[in-house]
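First comes the structure, then the notes that go with it.
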Amino acid sequence: MSGHQHDEGHTIAGWIGCVIATAGAAVAGAGICGWRPGIWLGLGVMAAAVLVTWGLHLAGWGKPPGPRPADQWAMKVRDRAARHGHTGCLGCRLAGRRGAPRRTDTAPEAMPADIASHASAPADLSS
């Protein structure tokens, strides 16, 4: 995994949820092939996969939306910010965790002078 230069989002919550959902799909498939209780049992297992994944995410074994810093890419790294909720995360909002509010009272960063001069001047499109 050291050759990857981006965050693929592999987490304990994601893998365990995927395994449980795959088992539920297999049971539902057996139900479609003739074992009648399998359809409902498989759907129940898939619903349990959603709840287990959500619970693990809230416990810190998932990941927040968006890319993470490179030191947190390993699957065994637990997210300590999950206790307060992730900003912009639907799962955290459903659990009543709002995350850190976005600060809107901060001033925008100043642009370097050479960029600011180009940004404020209109483009010359006469040629």
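In plain terms, the two heavy atoms of His84 and Arg97 that are nearest each other are O-CB, 3.7 Å. For the pair Cys92 and Gly85, the tightest heavy-atom approach, listed with the atom from each and the gap, is SG-CA, 3.8 Å.
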Cut-off 3.5 Å, no hydrogens considered: what does the side-chain donor-acceptor table look like for residues 50-59, sequence neighbours left out?
from, atom 1, to, atom 2, distance (Å)
Thr53, OG1, Ala49, O, 2.7
Trp54, NE1, Gly91, O, 2.9
His57, NE2, His86, ND1, 3.4

List the atom pairs, with distances to 0.1 Å, where a side-chain N or O of residues 17-44 and a protein N or O form a donor-acceptor pair under 3.5 Å, not counting sequence neighbours.
from, atom 1, to, atom 2, distance (Å)
Thr22, OG1, Cys18, O, 2.7

